[in-house]
Amino acid sequence: MSSETNSSFQIKRLNPYFGAEISGIDLSKGINEKTFSKIKDAYYEYSLLVFHDQRISPKVHVDFSKRFGSLEIHSLKQYLLEDHPEILLLSNIIENGKPIGFADTERVATWHTDTSYLKTPSAGSALYALEVPYDSKGNSLGNTLFASTFAAYDALSEDMKIKLRDLKALHKMTKAYDDAPKDTITAVKFTDEQIKRPPENHPIIRTHPVTGRKSIYLSPLCVTKIEGVPEAESKKILQELDKLCTREDFVYRHKWKANDLIMWDNCSTQHLAVSDYAPPLRRKMHRTTFAGSIPF
């Protein structure tokens with residue numbers, strides 16, 4: 001792979017609080033250390049990076065992702081890309097009566113930050129669009145919404161920052177399953193071991209391991225309560241924080257196009273996949289995930 005010698009590229013803000021579009025760079029050609037260092041700095045500054053019109057192979061996707069740290073291998077082995085197990089195939093496509101990928105929007109159509117139910121949650125992901133669904137008017141479907149939890153923390157009153165400083169929330173993998181009437185559960189499939197798995201407790205106010213910035217670290221998909229706080233008070237606080245985290249001006253809506261590559265930081269964002277399409281409309285994406293660290 002040849003290395004690109006020009007380290008200049010353009011950065012355009014997507015939202016006043018976070019997110020940036022990177023242009024003037026072709027990831028398929030490889031990038032030198034100077035260029036990568038600037039991209040990495042932008043990633044931690046903006047929490048979310050969008051690269052349009054990137055025609056990258058699975059190998060390029062994996063190699064680029066590895067420069068941000070170790071990659072996780074997803075537990076859904078049947079949806080890992082052959083020859084590149086670091087890539088999870090996300091898709092609603094059915095072939096020979098079987099799904100070719102994980103239909104993520106059916107299972108996680110709730111605001112969340114990935115794998116917060118683990119002791120060491122995922123640090124972030126790089127998602128590459130191969131096929132994107134459109135409606136009859138040419139509008140992109142299956143959009144993804146991202147919210148800045150850095151901005152949400154900054155918007156807290158000083159009294160609330162102090163109140164939340166030492167509190168922890170319980171994150172349970174099967175929270176959505178536990179809350180739903182069992183006769184309505186379709187796409188959500190968990191093993192008995194996963195259902196019995198105890199929750200993990202993580203600080204509500206999280207310190208970013210790289211930048212040191214503070215964020216609100218919650219995941220409505222998985223958080224059950226605040227540890228050591230009466231149920232009614234816990235529910236009230238969580239509702240207020242969830243509303244703040246997804247305040248309209250803190251949210252960026254990405255309208256996917258084929259060959260988009262998006263990277264996001266799980267420590268400082270939440271995201272929501274919009275489930276507004278169904279077969280025969282097709283969606284197909286490749287995702288790598290960066291290994292994380294214990295929240296503090």
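Throughout, residue positions are numbered sequentially from 1 according to the sequence presented. This one's a predicted model, so the numbers in the text were calculated from it and none came from an experiment.
Within the structure, side-chain hydrogen bond (donor to acceptor under 3.5 Å, both in side chains) contacts touching residues 226-241 (residues at least two apart or in different chains) are N201-E227.
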(message) Show, in sequence, the C-alpha distance, side-chain angles and deciding distance for R253 and N143, and conclude whether the side-chain hydrogen bond (donor to acceptor under 3.5 Å, both in side chains) test is met.
(response) CA-CA 7 Å; R253 184 184 191 106; N143 298 171; 2.8 Å; yes
(request) Go through N15 and Y46 one step at a time and tell me if the side-chain hydrogen bond (donor to acceptor under 3.5 Å, both in side chains) criterion holds. (result) CA-CA 9 Å; N15 177 285; Y46 295 101; over 6 Å; no
(request) Evaluate the criterion side chain to side chain contact (heavy atoms under 4.5 Å, CB included) for residue pair L141 and Y134; output intermediate values, then yes/no. (result) CA-CA 5 Å; L141 301 174; Y134 292 89; 5.7 Å; no
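Among the candidates H271, H112, H254, the single residue satisfying the ring-ring contact (aromatic ring centres under 6.0 Å, His included) test with W264 is H271. Partner S116 forms a side-chain contact (heavy atoms from CB on, under 4.5 Å) with one of S122, S219, P199 and no other, that one being S219. Looking at K66, H286, H61 one by one, the single match for side-chain contact (heavy atoms from CB on, under 4.5 Å) with E86 turns out to be K66.
Aromatic ring centroids of Y44 and H208 lie under 6.0 Å apart. Close placement of the F68 and Y43 rings is indicated, their centers lying within 6.0 Å of each other. Annotation: Y217 is in aromatic contact with H171 [ring centroid separation under 6.0 Å].
Under a 4.0 Å N-O distance rule, the pair K59/D63 qualifies as a salt bridge. Salt-bridge annotation for R55 and D26: absent, with no side-chain N of the basic residue lying under 4.0 Å from a carboxylate O of the acidic one. Checked for salt-bridge contact, R247 and D249 meet the test: a charged N lies under 4.0 Å from a carboxylate O.
Judged by distance alone, with hydrogens and angles left aside, the side-chain atoms of T289 form no donor-acceptor pair with the main-chain N or O of S125 at under 3.5 Å. Within the 3.5 Å criterion, the main-chain N or O of C267 finds a donor-acceptor partner in the side chain of S215. Between the side chain of T207 and the main chain of G212, no donor-acceptor pair closer than 3.5 Å is present. Under the 3.5 Å distance criterion, the side-chain polar atoms of Q54 are matched with a main-chain donor or acceptor of H52.
Nearest approach of L27 to V60, heavy atoms of both residues: O-CG1, 3.6 Å.
More than 12 non-hydrogen atoms from other residues, nucleotides or ligands lie less than 6.0 angstrom from CD of Q10. Residue-environment remark: NZ (K257) stays at or below the threshold of 12 foreign heavy atoms within 6.0 Å.
In this structure, K214 fails the cation-pi test against F150, since its NZ or CZ atom is not both closer than 6.0 Å to the six-membered ring centre and inside 45 degrees of the ring normal.
D154 and Y17 form no side-chain donor-acceptor contact under 3.5 Å, judged by distance and modelled atom types alone.
Taking the six-membered ring where tryptophan is involved, the planes of F51 and F64 are perpendicular, since the angle between them exceeds 60° and thus also 30°.
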